[in-house]
Amino acid sequence: QVQLKESGGVLVQAGGSLRLSCAASAASGRTLSSYLMGWFRQAPGKERELVGNLKWFDGRALYAGSVRGRFTISRDGVKNTLFLQMNSLKSEDTAVYYCAAKRLEYSEYEYWGQGTQVTVSS
């Protein structure tokens with residue numbers, strides 16, 4: 001089992017930057033090396049969408065087209081923390097951002113954080 005807790009969501013002006021964190025804790029004796037970590041977001045009245053994901057064991061990330069080139073996902077393997085660096089923020093980036101995790105062989109994300117609100121003012 002993996003527990004996830006996001007932090008860092010605030011009100012920021014358009015064009016600004018923000019870094020979200022997701023503290024991950026795995027059950028005793030387990031590591032995150034076999035997990036895919038994802039950042040999702042959900043704006044009011046819209047469906048939840050994938051922002052990007054990262055394979056923990058090699059740190060390789062993929063991004064949705066709407067954020068590619070502006071957002072960067074990274075991890076700290078010592079602190080078991082996932083990050084989402086967001087630059088050149090736009091009003092349409094306003095959403096609740098969620099961290100999620102799934103084992104690589106699974107098709108659906110198994111574990112979710114509670115979310116953190118990011119509001120971008122124009």
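For the numbers below, each heavy atom of this structure counts, side chains included, while hydrogens, waters and symmetry mates do not.
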Nearest non-hydrogen partners of [X] and [Y], listed with the distance:
X: S88; Y: S17; result: N-OG, 4.4 Å
X: Y111; Y: R103; result: OH-NH2, 4.2 Å
X: A26; Y: L32; result: CB-CD2, 4.2 Å
X: Q117; Y: T94; result: NE2-CG2, 4.0 Å
X: R41; Y: S66; result: NH2-OG, 3.5 Å
X: W56; Y: R75; result: O-NE, 2.7 Å

[atom1] of [X] to [atom2] of [Y]: how many Å apart, nearest 0.5 Å?
X: S33; Y: K55; atom1: OG; atom2: NZ; value: 13.0 Å
X: Q13; Y: S121; atom1: CD; atom2: OG; value: 5.0 Å
X: T72; Y: R19; atom1: OG1; atom2: CZ; value: 11.5 Å
X: Y98; Y: Q42; atom1: OH; atom2: CD; value: 5.5 Å
X: K5; Y: S25; atom1: NZ; atom2: OG; value: 11.0 Å

Answer yes if [X] and [Y] sit in the same cluster of Ile, Leu, Val, Met, Phe, Trp and Tyr residues linked by side chain heavy atoms under 4.5 Å apart, and no otherwise.
X: F71; Y: V10; answer: yes
X: F83; Y: W39; answer: no
X: L89; Y: V96; answer: no
X: L84; Y: L4; answer: yes
X: L62; Y: L20; answer: no

Heavy-atom check, side chain of [X] versus side chain of [Y], under 4.5 Å:
X: Y35; Y: L54; answer: no
X: I73; Y: N53; answer: no
X: R70; Y: M86; answer: no
X: Y109; Y: L36; answer: yes

Pick from L18, L11, D93: which one makes a side chain to side chain contact (heavy atoms under 4.5 Å, CB included) with V120?
->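 Of the listed options, the one satisfying the test is D93.
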So does Q3 have more than 12 non-hydrogen atoms from other groups sitting under 6.0 Å from CD?
->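 No, not enclosed.
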ring-ring contact (aromatic ring centres under 6.0 Å, His included) between W112 and F40: does it pass, once the steps are laid out?
-> CA-CA 10 Å; W112 294 84; F40 290 78; 4.8 Å; yes
